[in-house]
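In what follows, a single structure is set out as structure tokens and then discussed.
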Amino acid sequence: MQKKVAIPIWKNKKALPVLLQSMFVILIAALGIFLITNAIEGLRQIGIKLGFDFFNSTASFSIDDKLIAYTPRDSYGRALLVGLLNTVKVGAIGIVISAVIGLFIGIGRLSDNWLIKKLTGGYVELIRNTPLLIQIFFLYFAVLLPLPRIEKNINIYNLFYFSNRGTAIPWFTAKPSFGVWLVFLAVGIILAIILWRVMLKKQVESGKARYPFIWSIGSIVLMLLAAYLLTSGLPVGISIPRIKGVLFEGGYVISSEFAAILLGLIIYHSAFIAEIVRAGIMAVPKGQIEAAKALGLKKGTIMRLVILPQASRIIIPSATSQFLNLFKNSTLAIAVGYTDLFSIGNTIINQTGRAIEIMILMALVYLIVSLAISLFMNYFNKHFQLVER
Amino acid sequence: MVDKHDLNKGERQEEPFIICKNINKWFGSLHVLKNVSLEVRRGEVIVIIGPSGSGKSTFIRTINALEEIQQGEIIVDGISLSENIDHIDAIRKETGMVFQQFNLFPHMTILDNITLAPIWVRKWPKAKAVEIALELLERVGIHDQAKKYPGQLSGGQQQRVAIARALAMQPKIILFDEPTSALDPEMIKEVLDVMKTLAGSGMTLLVVTHEMNFAREVADRAVFFDGGEIIESGTPAQLFENPQHDRTKLFLSQIL
Amino acid sequence: MFETKPRYRSIIWLKENLFNSWANSILTCLSAIVIFFIVKGILTFMFFTGKWDVISANLKILMVGQYPVVEVWRIWLALCLTVFLLGISWGSRKGFFTMISVAIIAVFAVIAMLPFISMTSKAWLLLGIALSVAGYWLGRTVSFAKKLNLALWLVCIPFMLILLNGFGIFKKVNSNFWGGFLLTILIAVVTIVFSFPLGILLSLGRRSKLVVIRWFSIIYIEVIRGVPLITVLFGAQLLLPLFIGNGIELNNVLRVMIGFTLFNAAYVAETVRGGMQAIPRGQYEAAEALGLNFVQKTTFIIMPQALRNVIPALVGTVIEVFKDTSLVAIVSLMDLLGIAKRIIANPEFLGRQMEVFIFVAGVFLILCLLLSKVSRSLEVSLACGKR
């Protein structure tokens, strides 16, 4: 019979992992306790108690760029909301435009026109190898701020004005009938989708042309016509900016700060997206293009119907992480004074000293967005693979 | 350090070198090894045959603890394979393994591939390890490629280097997991020749393979594995000419 | 068939590449016009309208911040020492060190030829070039060069720190005075040196079978990768003193370095993890079958292959670190960008924003392009013996 010799715990294959993990937990816990006790002591010395109730205190600072109504008499909570909306605004517009521009530049990189290829290539290399912050500073300090003062502004046909106070463009103003028009438009779109499906099905079943496209477009047009007759007018007016003294009146004013951060983000990330698009397109097997050409399809059609759908499988995941980067990089707004979520959070910290709570809030917001985008990407990946099989 | 004397029945030459008793292994709910028992004596050459998925590769991986077992006993060279890390290390020093995919380390030269373990596990001085390595390369027929990288050699050459790498540790037994299955046909012979020479020199070999001629020429015993258990075993002549079980007959009829 | 005459060849090339269809011909003409205007604008600016004296007047603070002028020779000495050691590596190992040393010599030569560089600086630059070549010769002729090289590196790093900071042997220069490009390089190098080992540990932890360690690594990596760098930097500036307590003093630069290191480690971890996933399981099995323990297996077999697999991505991380150091300007550190901002706020240099930012952008551009080239030659020299 074999003698059972007791195995010391650090040689026991089963017990060793437990031992190591316990040691690790103790180490981390010790570190955590050290950090937290220091923080508690430090907070006590400054005289701050942790808590989020300061959200209700009056903000007493103004915000120029805002999507919702806000005055310095509103609470910190509302100020943060304004900031959040500004961040979303910059993020959403930035993502959409940089995606479109990136797509075209990426396709341009693969053009058989040597000049276009080199031009887009040079652009991408230049933008990708220069820090984003420098590009934003360049746009803000060297391009936008040096624009002339309002009195001496540059303008195009008195419709578009460029000055160091911002850019003014004509914009829509909603008339009272806007709501009605919106309802009619919504009804029109729903009708269009239903009619399209129904007519397409009938066409497939009967073999006779039923023009589903015309039916759907027609229904939208009819609805809009009905709205026009009902309200006897258009839903929106156009407001043209004018200069009154040293301010713009009317139109929509794009502040220099917003323009700087938006343009900076768009230019920077479109270069990265261009590279991603190029890699995705190059990954489509050459045989696909050959087959499409053999079928007689033209270059534009090939790109649209054969290459891009297949390239999307590779492009979408990388592009999504670029979008996430764009969203995170929007925090650089603080460098040019655009009041995004982080910038407002920083102002609040300066006023109240509540660094820990605000930092936690910031981290949470960006984490939630990151996780949401990751989840979307996972869903999208699975969906695309199903479609493939 | 492992003291073999207080562990087992003592080191007598008549004792089997490897004893596997009632080995059972599950992958989740899948019972992949069912009460497998096998004894291997010093100097024996044992060939294991069987259909794919029968558990042969899993079985020989349990001998050097690359796979864990849930039930049963494995004793190699008097050392019992248990949860004691020292035991596992000691057993791995005495067992060499040659894989189907060669598994040479692509970022190191051939020479470094062979001398790595002797230097760091057996703790030999570099000069001794290099000397032995070059000798082994001669033995397997690759003497001028020591400074090359695995990627620059053919499959057959790589597998021979893998054999040299296993031999460099001066093990008491070498386990082979389908060593020629990933080779182009024209290279199989060169590897089998090396294995035959090894067998002839008295090395204990445990070989999982489909090469029946090799088994007939060199093996002392052939074992038929199917569905996670040993169905039949005997000398190659017995197993191949006179199989007793139906499953053995079925398998042999498919490959012979 | 028959050789086309050179004259016809260029016409054929033009036809195929620029004018092969109506759409392309129009595009070519439009792009040519656009390029013409852009190039004209750039050249006019660079040589005529741009007033570059803002750069020559501020070159010193752009490069080394407020480091005392009389002590700048110490920085030059440290630089020349580095170049010398790299030269020895070049001579004894060749490979990608060739690329680095050649690039350094080229950059030094070009800078030395610029008009607004002072004579002492030119002297130092030429010394650097000479030392690089001397190091090359040394590396080639001396037989124990590789060991000598390693020993010298180990000795010189603390020596260079002493040179830069003082530490009693030389006059002390507080880290508050380190600025400009010097600070940029310093922050980047420290971040890279410390975040890579930490990242490798994290990636090992992420793949560990020990549940607690794996979850800790996953949470750390995902949280860090989900938040913007600016929040980490601000967090480091505002919160680190609070959490470390009154006992330990951390100056601004140190706080930023810690924040940066912790941030970058998560990205390095993900990259290395990708490299590890590409290693076949057989490698692990072969290592274990030979009797290698966990440390030996990871050091000799797994990590070398994992890192080699992801060299482009790792160099990409290095480039990102260099670019991201510009963010410390937002927390008011006087790195290259921070100094640039101060210069344009100076009433003496009103209206020179474009020159200053172009200069700063140019420095980063050259640095990043060089690093990309180094990455490619690193790949080539490490792609061992592919058939």
Side-chain angles (χ1 to χ4, degrees), chain A residues 17-18 20-22 24-25 28 34-39 41-43 45-46 111-117 119 125-126 128-135 137-138 141-143 145-146 299 324 327-332 334-335 342 345-346 349 355-356 359 362-363 366-371 374, chain C residues 13 16-20 23-24 27-28 31-32 34-35 209-213 216 222-223 225-231 234-235 238-239 241-247 319 322-327 329-330 337 340-341 344 351 353-358 360-362 364-369 372:
Chain A
V18 178
L20 286 173
Q21 290 181 78
S22 316
F24 184 73
V25 168
I28 297 291
F34 170 69
L35 294 174
I36 294 180
T37 38
N38 279 333
E41 176 59 28
L43 284 177
Q45 283 180 0
I46 309 179
S111 163
D112 52 357
N113 184 324
W114 181 88
L115 208 57
I116 299 275
K117 191 154 62 170
L119 203 60
E125 283 303 300
L126 180 70
R128 271 160 45 108
N129 285 308
T130 316
L132 173 59
L133 190 58
I134 294 183
Q135 298 181 34
F137 274 165
F138 182 81
F141 289 112
V143 174
L145 280 189
K299 261 206 303 221
L324 188 55
F327 188 73
K328 290 191 290 181
N329 281 337
S330 68
T331 47
L332 290 181
I334 194 174
F342 187 72
N346 190 45
I349 293 181
I356 296 184
M359 280 293 159
M362 299 285 130
Y366 287 101
L367 260 179
I368 291 176
V369 174
S370 308
L371 281 173
S374 296
Chain C
W13 181 89
E16 277 175 16
N17 285 299
L18 295 176
F19 298 103
N20 57 4
N24 265 339
L27 272 176
T28 306
S31 332
V34 166
I35 292 179
K209 293 198 204 99
L210 305 179
V211 174
V212 169
I213 296 184
F216 175 79
E222 292 304 315
V223 167
R225 275 160 49 97
V227 298
L229 175 56
I230 274 283
T231 45
F234 268 79
L238 297 169
L239 298 179
L242 201 59
F243 282 102
I244 300 289
N246 294 326
I319 295 181
F322 273 103
K323 290 197 303 182
D324 286 339
T325 52
S326 53
L327 259 64
I330 302 186
L337 190 59
K341 274 189 73 182
I344 63 176
Q353 299 92 317
M354 206 162 278
E355 289 91 334
V356 174
F357 283 124
I358 289 185
V360 172
F364 276 102
L365 194 61
I366 296 175
L367 192 61
C368 294
L369 286 174
S372 304

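None of these values were measured; they are calculated from a predicted model. Protein chains get the first letters and strands the later ones, always in sequence-line order, with residue 1 at the start of each.
By number of non-hydrogen pairs under 4.5 angstrom with chain C, the leading residue of A:Thr37, A:Leu20, A:Leu126 is A:Leu126. Between chain C and the options A:Ile349, A:Leu332, A:Leu371, the largest number of non-hydrogen pairs under 4.5 Å is found for A:Leu332. Ranked by heavy-atom pairs shorter than 4.5 Å toward chain A, the options C:Glu355, C:Lys341, C:Lys323 are led by C:Lys323. Interface summary for chain A: among C:Pro228, C:Cys368, C:Ala329, the most heavy-atom pairs under 4.5 angstrom belong to C:Pro228.
Contact annotation: the side chain of C:Phe234 approaches that of C:Ile330 to within less than 4.5 Å [non-hydrogen atoms, C-beta and beyond]. Using a 4.5 Å cut-off on side-chain heavy atoms (C-beta onward), A:Phe138 and C:Ile358 make contact. Considering only heavy atoms from C-beta on, C:Leu242 comes within 4.5 Å of A:Ile356 through its side chain. Proximity of C:Leu369 to A:Glu125: side-chain heavy atoms (C-beta onward) are separated by under 4.5 Å at one or more points.
For A:Ile28, the part lying near chain C is the side chain, with the backbone staying farther off; criterion is any non-hydrogen pair under 4.5 Å. Of the two parts of C:Leu210, the backbone and the side chain both hold a non-hydrogen atom closer than 4.5 Å to a non-hydrogen atom of chain A. If you measure heavy-atom distances from A:Asn346 to chain C, the contacts under 4.5 Å come from the side chain alone. Both the backbone and the side chain of C:Leu365 come within contact range of chain A, judged by heavy atoms closer than 4.5 Å. Only the side chain of A:Gln45 has a heavy atom closer than 4.5 Å to any heavy atom of chain C. Residue C:Leu327 touches chain A through both its backbone and its side chain, counting heavy-atom pairs closer than 4.5 Å. When heavy atoms are compared at a cutoff of 4.5 Å, C:Val211 approaches chain A by way of both its backbone and its side chain. At a 4.5 Å heavy-atom cutoff, the contact between A:Ile116 and chain C is made by side-chain atoms alone. For C:Ile344, the part sitting under 4.5 Å from any heavy atom of chain A is the side chain, from C-beta outward, and nothing else. Both the backbone and the side chain of C:Ala32 come within contact range of chain A, judged by heavy atoms closer than 4.5 Å. Contacts of C:Leu337 with chain A are made by side-chain atoms alone, with heavy-atom separations under 4.5 Å and no backbone atom involved.
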Audit row: A:Thr331, C:Leu229, side-chain contact (heavy atoms from CB on, under 4.5 Å) steps and yes/no: CA-CA 9 Å; A:Thr331 47; C:Leu229 175 56; over 6 Å; no
Full working for ring-ring contact (aromatic ring centres under 6.0 Å, His included) between C:Phe216 and A:Phe24: CA-CA 10 Å; C:Phe216 175 79; A:Phe24 184 73; 5.3 Å; yes
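Here the shortest heavy-atom pairing between C:Thr231 and A:Met359 reads O-SD, 3.9 Å. Between A:Ser370 and A:Leu324, the shortest heavy-atom distance links the atoms CA-CD1, 3.6 Å.
Atom CZ of A:Phe342 and atom CD1 of A:Ile334 lie 5.0 Å apart (nearest 0.5 Å).
Between A:Phe137 and C:Phe357, the ring planes lie tilted relative to each other; the angle falls in the 30° to 60° range.
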